[in-house]
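Okay, so here's the structure we're looking at.
A note on names: the letters A, B, ... follow the listed sequences, proteins ahead of strands, and every chain is numbered from 1.
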Amino acid sequence: MRERIVALVDMDCFFCQVEQRINPELKGKPVAVVQYNKWRGGGIIAVNYEARACGVTRHMRGDEAKEKCPEINLVHVPSINDKADTSRYREAGKEVINVICQFNCAVQRASVDEAFLDLTEAVDKRIGGETQVSADHLPSTHVVGFESQLENKEEGRSEAVQEWLRKSDASSEDDHDYRLVVAAKMVEEMRKAIFTQTGFTCSAGIAHNKILSKLVCGMHKPNQQTVLPISKVPFLYETLPVKKVRLLGGKLGDTLMEKLGINYMSELEKFSEAELCQKFEQRNGQWLYNIARGIDNEEVEARLIPKSIGCCKRFPGKTALKTKQELEHWIQELAVEVCARLDKDYEENCRRPRNLVVQWSVEVGSSNSKTGFLSHFDQPSLARDAMILLCKSISIENSKVKVPIQFLGLSVGKFTEERNKANSIAKFFKPSSASETKVNETIVSDPPVPEVKQEAPPIKTGPMSFFLRNLKKKDPEKNDARVAAPQTSVESDEDEKESVKSDSDKDVETDKRCQGEEEAEAPCPQCGKSVKILDMSEHLDHHVAQELHKELNQPVTPVIPPQPSTSALPKKRKYTKSKTQSAGGDAKKIRSIQSFFNKK
DNA sequence: CATTACCTGTCT
DNA sequence: AGACAGGTA
Ligand SMILES: Nc1ncnc2c1ncn2[C@H]1C[C@H](O)[C@@H](COP(=O)(O)OP(=O)(O)OP(=O)(O)O)O1
Ligand SMILES: [Mn+2]
Ligand SMILES: [Mn+2]
């Protein structure tokens, strides 16, 4: 089996770096970024390494940080109309993504400050050319299982890297390690490019899948990178608490430890797939069985931009919203931000959202949401539609909200690409197509197929989901679920009498009240084709599937690998069990690793 | 009384 | 498709 080469690049104390670039006086000083209310100095969401040295951590209050570190510089997240605005960090994140895209590989934006890369093809191309890699090319690289015990840290690191290089030359029977070597060199170059072009430092993990690359990225920070040779997985797992693994950090991790009586990842390997499936459901069981062996088949999806745009705000305790006026006010404010970001997104990505989701909660821990079809994107429309959706589910009497609202959120999603964007219509994903590149800049499918019904939209089978739900069901005091024809447009029940809507006749909107109009048709806003209104949603889904495979952003000229990619990678993920290797026991453990993973 | 933001899987 | 739980940054 030929392993993929996957890297995870994560920015160092990202929000702090953004603030330090804006205000260079802060460079070299302890900094933390705080968000929300003035209450006790605000809550900390990012801490730079100088401040971490004095024990300041995320979740702390500004006041506590001042105690631990009197010289700390607390920077507040910008606030607009009493609402945190994190746009500057999103914009900075885009800069980074743009640099990464100069390298020829599939890039998956995983959060505001990190991205997964599939370097498999890029590495192969690189090996086709020059092949020499020396320790000089890997000045900030660490290799799991090659830690040296030398007093001098840097000397030890360098010696360990050289040791690894000696053991992993191109002539080895398998080339897994050699390909990691080449990848490590590329990632060194990429990180340097990120720094040169943005001024930000970052760290990276390089391994054969997403879970492992993410895991090792955190081992050496800041401004360093860590490689995990496949043969060192058992060694790594020996001292690795299960909750450190992505997706096991929550309830699943807890029940895993509880039900199996284990603490470290190495202990997971002795359970049969059948037992894991029986205890944690089929899907989770297979995933666990695989990850216990260092196997994770989740693909790096070529996606550079978020799938949804939203914002929200909490109103804890007595600040809960109690009147319709308050509610309207905050809906307006949220709509202002969403609208502004939406306009920008349209300019940059030429897409429009088809869905609007309003979320709210009436007590801590509860949550409710209502979804509606979206056809207008100006602020008043967003606010109006959101209010209508909300009013369908909560009861208001005499301008008083029956149960005070403690949380309110607006988000839009299910984007479709704008038509008429010459050249973009022809791209239609065809499941049976053999070849397609997954490099972000070019997703080429063989013969472009026009507007045809498409089976099998890309199957999304992310790992993990949860059986726990049934163990502890939420108390359903919930909604009066009187509304809601699925897939109707946003429209109030109150309007019923006078159908206020006037100018929207050209829009694709439906109201389930109009029982007699189930046969009515309207032009699809995407393709113009006449479609039954009640089928519009399903129809639009085909466009959504299309959008998933559209071309994302136009990276500039490739810096490193000059060749455009042409070959294919599998798109569909499968959970394949694998009976495999795992070269038994590196008996000895390195303390530094142990303490790294056990601390905190 | 951490906060805001995004993603995925299951159930219906 | 929509509602919701769970997970992560
Ligand atoms: N729980 C949170 N709530 C709000 N914002 C968060 C939260 N966690 C992280 N962020 C923001 C601030 C971080 O700078 C940014 C990236 O997160 P993350 O990569 O986990 O840490 P970091 O970049 O600050 O430090 P590190 O150097 O350890 O990566 O996302
Ligand atoms: Mn980070
Ligand atoms: Mn991160």
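- OP1 or OP2 of B/dT8 sits under 4.0 Å from a side-chain N or O of A/Lys307.
- Rounded to a whole Å, the CH2 atom of A/Trp330 is 13 Å from the C1' atom of B/dT4.
- A/Glu19 and A/Tyr89 share a side-chain donor-acceptor pair at under 3.5 Å.
- Separating the CZ atom of A/Phe407 from the P atom of C/dC4 is a distance of 13 Å, rounded to the nearest angstrom.
- Protein atom CG of A/Asn355 is 13 Å distant from nucleotide atom P of B/dC7, rounded to whole Å.
- The shortest distance between the side-chain N/O atoms of A/Lys313 and the OP1/OP2 oxygens of B/dA5 is not below 4.0 Å.
- Counting heavy atoms from C-beta outward, A/Val6 and A/Asp296 have side chains that stay 4.5 Å or more apart.
- At the phosphate of B/dT8, OP1 or OP2 sits under 4.0 Å from a side-chain N or O atom of A/Arg303.
- Contact between the side-chain N/O atoms of A/Ser411 and the OP1/OP2 oxygens of B/dA5 is not found at any separation under 4.0 Å.
- Remark: A/Lys251 is not in phosphate contact with C/dA5, judged by side-chain N or O atoms under 4.0 Å from OP1 or OP2.
- Between C/dG6, B/dC6, C/dT8, one nucleotide has an atom nearer to the side chain of A/Arg246 than all others, and that is C/dT8.
- Dashed line: the shortest gap from a side-chain N or O of A/Lys214 to OP1 or OP2 of C/dA9 is under 4.0 Å.
- As rounded to whole Å, 13 Å separates atom C1' of B/dA5 from atom CG of A/Leu410.
- Heavy-atom distances to DNA chain B give each of A/Gly317 and A/Ile309 a nearest nucleotide, and the one nearer the 5′ end belongs to A/Gly317.
- Each of A/Leu356, A/Asn355, A/Asp345 was checked for a side-chain contact (heavy atoms from CB on, under 4.5 Å) with A/Val412, and the lone residue meeting it is A/Leu356.
- Rounded to whole angstrom, the span from the CZ atom of A/Arg90 across to the P atom of B/dT4 amounts to 13 Å.
- The nearest whole Å value for the distance from the CG atom in A/Asp85 to the P atom in B/dT4 is 12 Å.
- Of the two residues contacting DNA chain B, namely A/Tyr36 and A/Arg109, the nearest-nucleotide position lying further toward the 5' end is that of A/Tyr36.
- Out of B/dC1, B/dT10, C/dA9, the shortest distance to the side chain of A/Arg283 is found at B/dT10.
- Rounded to an integer number of Å, the gap from A/Phe15 CZ to B/dT4 C1' is 9 Å.
- Residues A/Asn223 and A/Tyr49 form no side-chain contact, since every pair of their non-hydrogen atoms from C-beta on lies 4.5 Å or further apart.
- For B/dT4, the OP1/OP2 oxygens have no side-chain nitrogen or oxygen of A/Lys83 closer than 4.0 Å.
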